[in-house]
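I am attaching a structure below and will ask some questions about it afterwards.
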Amino acid sequence: EVQLVESGGGLVQAGGSLRLSCAASGLTFDAYDITWFRQAPGKEREGVSCISNTRDGTISYADSVKGRFTLSTDNAKSTVFLQMNSLKPEDTAIYYCAAERRPAYYCSRFPEDMNYWGKGTLVTVSA
């Protein structure tokens with residue numbers, strides 16, 4: 001059974017940092033691309049960052065987080081991290097990690113392309 005488990009969310013003041021983790025199990029890590037999504041109340045799910053594990057490890061970021069968020073991996077532990085710095089109140093959301101099996105191209109930041117999802121971790125940034 002494939003499982004993705006997020007952790008590391010919490011409450012932080014604007015300008016602060018958090019590090020999210022996504023631990024994957026039940027899958028061959030390098031056979032899946034991994035994407036971090038977030039969803040704020042009343043808004044659509046947004047693809048924040050992803051890594052093309054199945055190709056060359058290329059990482060992409062949404063413009064809204066570029067320069068502030070960094071995705072990294074620990075392949076030995078099948079874990080993906082999202083380091084979030086200079087957090088803003090508009091970063092408040094539930095953050096999810098998701099896995100795409102056998103992607104046709106590089107990693108996707110579209111929810112409809114994902115095969116597996118974690119349950120999410122809440123990030124709250126106070127002003």
Side-chain angles (χ1 to χ4, degrees):
E1 179 189 6
V2 175
Q3 285 193 318
L4 301 171
V5 179
E6 303 93 337
S7 62
L11 174 63
V12 64
Q13 288 188 332
S17 299
L18 282 174
R19 188 193 195 205
L20 305 184
S21 299
C22 169
S25 60
L27 54 76
T28 302
F29 193 62
D30 59 5
Y32 289 79
D33 288 352
I34 305 294
T35 302
W36 281 101
F37 291 87
R38 66 184 181 185
Q39 189 163 20
K43 294 190 176 181
E44 292 187 352
R45 195 164 292 192
E46 174 192 19
V48 171
S49 179
C50 68
I51 181 166
S52 295
N53 271 342
T54 59
R55 291 184 179 268
D56 57 5
T58 297
I59 298 171
S60 72
Y61 299 94
D63 288 343
S64 57
V65 304
K66 203 170 290 184
R68 300 188 298 122
F69 290 11
T70 303
L71 186 152
S72 62
T73 64
D74 182 339
N75 290 344
K77 295 183 179 180
S78 297
T79 300
V80 181
F81 304 99
L82 188 67
Q83 177 67 43
M84 306 186 298
N85 298 330
S86 302
L87 283 162
K88 305 174 182 180
E90 51 263 45
D91 294 318
T92 294
I94 299 175
Y95 284 72
Y96 301 88
C97 64
E100 181 184 5
R101 182 180 61 240
R102 298 176 185 165
Y105 303 105
Y106 283 89
C107 63
S108 168
R109 287 189 274 116
F110 294 101
E112 58 268 29
D113 291 335
M114 302 298 117
N115 300 105
Y116 301 102
W117 290 86
K119 294 182 178 180
T121 186
L122 177 62
V123 171
T124 304
V125 184
S126 62

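This structure is a prediction, so every number in the text was calculated from the model and none was measured. In this chain, residues are counted from 1 in sequence order.
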| query | Are the side chains of C97 and V80 in touch, meaning some heavy atoms are under 4.5 Å apart? | reply |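 Contact flag for C97/V80 side chains = no.
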
| message | Is the shortest side-chain heavy-atom distance between D56 and Y106 below 4.5 Å? | response |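 Counting from C-beta outward, D56 and Y106 do come under 4.5 Å.
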
| task | Spell out, as yes or no, whether a donor-acceptor pair under 3.5 Å connects the side chain of S52 to the backbone of C107. | result |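 Present.
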
| field | Which atom of F37 lies closest to which atom of A98, heavy atoms considered | value |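 That closest heavy-atom pairing would be CE1-CB, 3.8 Å.
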
| Of the non-hydrogen atoms in Y105 and D33, which two are nearest, and what is the gap between them? |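 Shortest heavy-atom contact: O-OD2, 4.2 Å.
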
| query | Same cluster or not: are I94 and M114 linked, directly or through other Ile, Leu, Val, Met, Phe, Trp or Tyr residues, by side-chain heavy atoms under 4.5 angstrom apart? | reply |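 In one cluster: yes.
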
| query | For the residue pair S49 and S60, what are the closest heavy atoms and their distance? | reply |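 So the minimum-distance heavy-atom pair works out to OG-O, 3.0 Å.
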
| Applying the 4.5 Å side-chain criterion to the ILVMFWY set and letting contacts propagate, would I51 and V2 be lumped into a single cluster? |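 Looking at the clustering, V2 is in the same group as I51.
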
| message | Quick one, F69 with W36, criterion ring-ring contact (aromatic ring centres under 6.0 Å, His included). Give me CA distance, side-chain angles, the key distance, then yes/no. | response | CA-CA 11 Å; F69 290 11; W36 281 101; 9.8 Å; no

| request: Dump the intermediate steps for side-chain contact (heavy atoms from CB on, under 4.5 Å) on K77 and S21, then the final yes or no. | output: CA-CA 11 Å; K77 295 183 179 180; S21 299; over 6 Å; no

| query | Between CZ of R19 and OG of S72, what distance do you get to the nearest 0.5 Å? | reply |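 Rounded to the nearest 0.5 Å, the CZ-OG separation comes out at 5.5 Å.
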
| Can you tell me how far OH of Y95 sits from CD of E46, rounded to the nearest 0.5 angstrom? |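 One gets 8.0 Å once the value is rounded to the nearest 0.5 Å.
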
| field | Presence of salt bridge, D91 and K88, under 4.0 angstrom | value |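 Looking at D91 together with K88, the answer is no, because their closest N to O distance does not fall below 4.0 Å.
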
| field | Contact summary for A127 and A14, nearest pair of heavy atoms | value |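 Heavy atoms of A127 and A14 come nearest at CA-CB, 4.4 Å.
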
| Option passing side-chain contact (heavy atoms from CB on, under 4.5 Å) with L18 (candidates N85, V123, T121) |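 Checked N85, V123, T121 against L18; only one passes side-chain contact (heavy atoms from CB on, under 4.5 Å): V123.
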
| Do you know which two heavy atoms are closest between I34 and A99, and how far apart they sit? |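 Distance-wise, the nearest heavy atoms are CD1-CB, 3.8 Å.
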
| For the side chain of E6 and the backbone of L20, is there at least one donor-acceptor N/O pair under 3.5 Å apart? |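 Side chain of E6 to backbone of L20, a donor-acceptor pair under 3.5 Å: no, none is there.
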
| said: Among M84, R68, Q83, exactly one meets side-chain contact (heavy atoms from CB on, under 4.5 Å) together with S17. Which residue is that? | reply: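 Filter result, single survivor: Q83.
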
| Atom pair CZ/CZ of R45 and R109 - distance to nearest 0.5 Å |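 Going from CZ on R45 over to CZ on R109, the span is 15.5 Å.
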
| Short question: side chain of N115, backbone of R101 - any donor-acceptor pair under 3.5 Å? |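 Yes, the answer is positive, given that a donor and an acceptor are paired below the 3.5 Å cut-off.
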
| said: Given 3.5 Å as the limit, does a donor-acceptor pair link the side chain of Q39 with the main chain of A93, or not? | reply: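 No: the side chain of Q39 does not pair with the backbone of A93.
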
| request: Say whether, by atom type as modelled, one donor and one acceptor occur between the side chain of T73 and the main chain of T79 under 3.5 angstrom. | output: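 Such a contact is absent between T73 side chain and T79 backbone.
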
| said: So which atom in T35 and which in C50 form the shortest heavy-atom distance, rounded to 0.1 Å? | reply: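 In terms of heavy atoms, the two residues are closest at OG1-CB, 3.2 Å.
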
| field | Spacing of OG1 belonging to T92 relative to CG belonging to L122, to within rounding of 0.5 Å | value |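 So the gap between those two atoms works out to 8.0 Å.
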
| query | Would F29 end up clustered with I59 when hydrophobic side chains under 4.5 Å apart are linked, directly or stepwise? | reply |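 Yes; I59 is reachable from F29 via cluster members.
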
| Are Y32 and L82 linked, directly or through other ILVMFWY residues, by side chains that come within less than 4.5 angstrom of each other? |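 Y32 and L82: one cluster.
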
| Can any side-chain N or O of Y61 pair as donor or acceptor with the backbone N or O of L71 at less than 3.5 Å? |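 Yes.
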
